[in-house]
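Written below as C-alpha cells is the structure these notes are about.
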Amino acid sequence: MDMNNVNIEEIVKQVLSGMTGNAPAATPAASAPAAPAGNAIPKKARVAMMTEKKHFELQEYDLPEVGDDDILVKVEGCGVCGTDAHEYKNDPFGLIPVVLGHEGTGEIVKMGKNVTVDTAGKPVKVGDKIVTCMIFKDDPEITMFDLNKKNVGGADVYGLLPDDDVKFNGWFADYIFIRGGKFGSTFFNVSDLDLDSRILIEPCAVLVHAVERAKTTGILKFNSRVVVQGCGPIGLICIAVLHTMGVHNICAVDGNEKRLEFAKRMGANTTVNFMNFKGIEALTEAVKEAQGGHLADFAFQCTGNPKAHANIYKFIRNGGGLCELGFFINGGDATINPHFDLCSKEINLVGSWVYNLRDYATTFDFLKRAKAIGLPMSELITDKYPLEEINEALEKNLSMTGLKIAVVNK
C-alpha cells in the first residue's frame, strides 16, 4: 500500500468498518468483581468502555469462552498513547463505543489446546507474560520473517477494535481476549521483561522502526550529528534508541526545560530550548552552535506540529537526512520551500509510521540493552492510575504535565 498520501483516520474507518456487531446490554460496575479463590478465573470482569467523548464507563460482562486457538490474558498494565488521547477527546475514528488501550501487557491465564508458540515461534504456556502486536485478518499469509516488512498500515490492533459481542477487545480492562485462528492475531512472549519495560514495548517499537527507516538512507552512522526535535515520550525514546546503538552526538530541541534535562539523561549531549530564540534564523544558529558550528547530518521530527516540520529542514546540512514520524494522525499542512528546503540541499527524506513485526523482536533486545547501560527507561512512566481512574489518566495525558501515563491494575 502506498502510504504517502493516505489519511490515517480514513484507513482506520475502512479497516474497522466490517467488524461491528450487535452487543448485549451492559451492566455498569463501580468496583472490581469479587476475586475468586486462588488463581481461579472469574465469570465476569470489567472493561473501560468509552461511551462518549471524554468519558469512560466501567462495565461488567461475562468472560467469553476460550476456544482451541484463543488466549485469555489478565491485564497487568497499559500505557496511554497519543492515539488514545485523540480518540478520547474527539473520536476521530468514529469508534464509540470502544474499549481502548493498545500498549498493554499481562499474564496468560487460559489458552486453547492449539496455542503452543508465539508469533516468533517461542513456546508459551499459562503464566507467561505477553504483548500483542498487529492483527492481520485481511492478510493472513504474513509471517514474522516476511521480507516485505509490512507495517501496521492496513492492519488492526487490539485497542482500536469496534465494540462487539466479545467485549474484551482492548487493554483498558481486567482481561483481554486474544482471538485465534483466521482472526490473524499476533503476540509475543515477553516473560523476561519487567512490567515497566513491557508497557513501553509498543512506543519503543515505533522508534526502533523510525531509526531503521533512517538507516536506509545510508547517512545515519556512529559519528553522525543528529537533531531530535520534540522531547515528549517519542522524542526521548528516539534519543535512547540512537544512544543505545552508539550514536552519541545528539542535540535535543524542545521548549520545556525539564524535558530537555531528561533528554540528556537519555543520551543527548546538547540541548536547545526554542523558547529562548526569536525566529527560525536565530534558532538555526543555536542548533548549529550546539553542534560545534555544524548543521546536522540527520534529524528526527518527533512532534505533530506543522511549524516544527517546516523548521527542521533548516537544521540539516546539504545532503543530510530527515525522518518524519510525528504525524501519526492528520495534524494539518506544513509549509516548506521545495527549492531551498529540499531540492537544493538534496535532503534525503523518509517517513516512518508505527512498526512491523520484526521491529517488535528488535525492541525487546533494545529495552534489555538500554537497561544494561543505565538509561532511565522506567522513569518515562511518570504517572500510574488504577482502572477505576482511567478518565483521570486520559486527562493527565491531555494536560501534558507528565511523560508516559499508564493504567496499572491492582
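Note that the numbering runs from 1 along the sequence shown for the chain. For clarity, every value in this text was computed on a predicted model and none was experimentally measured.
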Quiz prompt | K44 vs Y61 side-chain heavy atoms within contact, under 4.5 Å | solution = no
Practice problem: Answer yes or no: are there more than 12 heavy-atom neighbours, outside K371 itself, under 6.0 Å from its atom NZ? | Solution: no
Quiz prompt | K125 backbone acceptor or donor facing D128 side chain under 3.5 Å | solution = yes
Exercise. Please lay out, stage by stage, how K129 and D192 fare under the test salt bridge (Lys or Arg N to Asp or Glu O under 4.0 Å).
Key: CA-CA 8 Å; K129 314 293 187 179; D192 54 349; over 6 Å; no
Exercise. State whether the side chain of D164 and the backbone N or O of V166 hold a donor-acceptor pair below 3.5 Å, judged by distance alone.
Key: yes
Quiz item: Can you tell me if D297 uses its side chain to pair, donor with acceptor, with the backbone of R225 under 3.5 Å?
Solution: yes
Quiz item: Does the pair E395/K54 count as a salt bridge with the N-to-O cut at 4.0 Å?
Solution: yes
Exercise. Using the ring of F262 (Phe, Tyr or Trp, six-membered ring only), decide whether R265 places NZ or CZ under 6.0 Å from its centre and within 45 degrees of its axis.
Key: yes
Exercise. Take the angle between the ring planes of F188 and F364 and call it parallel below 30°, perpendicular above 60°, tilted in between.
Key: perpendicular
Exercise. Report yes if some heavy atom in the side chain of F315 is under 4.5 Å from a heavy atom in the side chain of L283; otherwise report no.
Key: yes
Quiz item: Taking 4.0 angstrom as the limit, do E212 and R358 come out as a salt bridge?
Solution: no
Quiz item: Does D333 CG have over 12 foreign heavy atoms under 6.0 Å away?
Solution: no
Quiz item: Between F56 and Y88, does the ring centre distance come in under 6.0 Å?
Solution: yes
Quiz item: Without hydrogens or angle criteria, can the side chains of T303 and Q301 be said to hold a donor-acceptor pair below 3.5 Å?
Solution: yes
Quiz item: Hey, does K396 have a side-chain heavy atom less than 4.5 Å from the side chain of E389?
Solution: no
Exercise. Assess the side chains of S352 and R213: does a donor N or O sit below 3.5 Å from an acceptor N or O?
Key: no
Quiz item: Do K167 and D163 meet the salt-bridge criterion of a basic N to acidic O distance under 4.0 Å?
Solution: yes
Quiz item: Is a salt bridge present between D174 and R46, judged by a nitrogen-to-oxygen distance below 4.0 Å?
Solution: yes
Quiz prompt | Within the 6.0 Å centroid threshold, strictly below: F300 and F298 | solution = yes
